[in-house]
Amino acid sequence: MVQLQTPKFVYMGGKLRLWEDATLHVGCEALTRGLNVYEGVKGYWQVDGRFGIVALRRHYERLRRSARLLHIPCDWTYEDYESATFALISELVQPDRDMWARTTLFVVEGHWGEGTVADLVITAYHQDKQPPQPVNLSVSTWRRSVDVALPARIKTSTNYQVGRLARIEGRALGCEDMVLLNQWGRVAESTGACILMVRDGVVYTPPPTEGALESITLDLVEALAKSMGIPFVRRPIDRTELLIADEIALCGTLAELPLVKSIEGQRLPESAPLLNALQARYFQAVRGIDPHPAVELAMLPAPDGRMQAQEANGPARSSV
Ligand code: PMP
C-alpha cells in the first residue's frame, strides 16, 4: 500500500505549522467541493407543530449508492444516520425557521483509493419559510461532465466544480442559476437542481442518462403531478425547446420549486398554471397540510426523547 508521508512542517496561512495543525474547516469550499459524497436534506415545520424531514431514508439510500460508486466505505446504518441528523437539528432548530442539512461522507484517510476511511459530517443551516422567489436562468457555456468522467447521476461534491464556474458566469448576467448542457448539447440540469419544462400542457424533465442527478424531489413531484392528473414525461430536452417553453421551473431539495421568470434574457409568462399548481401542492405535502404518500416525512423526536406523534405518512421511526 502506498504510504503518505507526514513531514513535520507544512506552510499554511502565511507560516510554517506542525503537520497535525495544518487543518481546514469542514465547511470550507476546498472540502465541500472535494472528495466526498453527500446529501442535502430539508426539514419543514409542520402545520401541527412537529418538524419533519423530507424523504430522509431515500437520501440515506442515495448516499450509500454514491459512496458505492466511488469506493467510499459507509459504515452508518439508516438508524445511525437518522439519529445523527435528528441530534444536530434538534440542537439547532428554531421556532418558525426551517432547516437544510448537509450530510457529507468525507474521505478522511487513504491514498488513491487505498485504505479509504470516511467520516460522516453533518452541518445544518436555517432557512426562511417563504416559498422560493422566481429566478432568471441562462444556458451556461460550461457543460455537465460525461458519465465516464464525473458521473452526474450520483451526488459527489467534485461534480460541483462546473456548477461553481457556471454560477460565476451567471452572476455577471443577473442569473441566480444556470443551465448545464450535456455532451450532446441538450439540457442536463441546473447547477443545483433539475429542470422542469412545460409545453402544451405536459411537464417534461431530462432523465439521468442526459447528465442529471437522480433527483429525489423530482420523483416526489412526479408522484404529485400524477395524482393531480398532470402529464409528466422524462425525455431528452433540446436547448431550443427550453428557449420556447411555456413554463420552466427548477426542482430540488434546497431549491424547492422556483419558477423561472426569464430564460436567456427573455421573459416567460407569469401565470405558469401547471408549475404554480405543482409548487403549491409540494408545499402542502412537505408541511403536512395535505400529506401525500410519496412525500414521506421523518419526524424529529420531541425534546423529551419520545416521538412527537405518529409520522404524517407512515409508522414512527426510531427516536434518538
Ligand atoms: N441536480 C443537482 C446538480 C443538485 O445539486 C440537486 C440538489 N440535490 C438536484 C439536481 C436535485 O436533487 P434532489 O431533488 O435529490 O435534491
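Being a predicted model, the structure only gives us computed values, none of them experimental. We use all heavy atoms of the structure for the numbers below, so side chains are in, but hydrogens, waters and symmetry mates are not. First listed ligand is number 1; within each ligand, the first listed atom is number 1. Residue indices begin at 1 and follow the sequence shown.
- With a 4.0 Å cut-off on non-hydrogen atoms, Ser215 touches ligand 1 through its backbone as well as its side chain.
- Between Gly40, Ser157, Gly192, Gly252, it is Gly192 that holds the heavy atom closest to atom 7 (C) of ligand 1.
- Atom 14 (O) of ligand 1 has Thr217 OG1, 2.5 Å as its closest protein atom, hydrogens excluded (heavy atom only).
- For the pair Arg102 and Tyr125, the cation does not sit on the ring face, since its NZ or CZ is not both under 6.0 Å from the ring centre and inside 45° of the axis.
- Among protein heavy atoms, the minimum distance from atom 5 (O) of ligand 1 is reached at Tyr160 OH, 2.5 Å.
- Below 4.0 Å from some heavy atom of Cys251 lie the following atoms of ligand 1, by number and element: 11 (C).
- If you check each of Val162, Thr191, Leu213 against atom 3 (C) of ligand 1, the one with the closest non-hydrogen atom is Thr191.
- Of the options Lys155, Glu189, Lys42, Glu256, the smallest heavy-atom separation from atom 8 (N) of ligand 1 is shown by Lys155.
- The single protein non-hydrogen atom nearest to atom 15 (O) of ligand 1 is Arg62 NH1, 2.7 Å, given as residue, atom name and distance.
- Here the shortest heavy-atom pairing between Arg62 and Leu213 reads NH1-CD2, 3.5 Å.
- Residue Arg144 places no N or O, backbone or side chain, under 3.5 Å from any N or O of ligand 1.
- No more than 12 heavy atoms of other residues, nucleotides or ligands shown are found within 6.0 angstrom of CH2 on Trp142.
- For the ring pair (Phe, Tyr, Trp, His ring centres under 6.0 Å) test with Tyr38, the passing option among Trp100, Tyr160, Phe106 is Tyr160; the others fail.
- Each of the atoms 10 (C) of ligand 1 lies under 4.0 Å from some heavy atom of Cys194.
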Check the pair Ser227 / His292 against side chain to side chain donor-acceptor pair (under 3.5 Å), numbers first and verdict last.
CA-CA 9 Å; Ser227 307; His292 188 282; 2.7 Å; yes
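- Of the protein's non-hydrogen atoms, Thr253 OG1, 2.5 Å is the one closest to atom 16 (O) of ligand 1.
- Residues Asn159 and Ile154 approach most closely at ND2-O, 3.3 Å, considering heavy atoms.
- Summarising the geometry, atom CZ belonging to Arg235 is positioned 13.0 Å from atom OG1 belonging to Thr209; distances are rounded to the nearest 0.5 Å.
- Geometrically, ligand 1 and Ile216 share a nitrogen or oxygen pair separated by less than 3.5 Å.
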Listed pairs under 3.5 Å, donor-acceptor, residues 15-28 side chains, sequence neighbours left out:
unit_1	atom_1	unit_2	atom_2	d
Arg17	NE	Met12	O	2.9
His25	ND1	Gly27	N	2.8

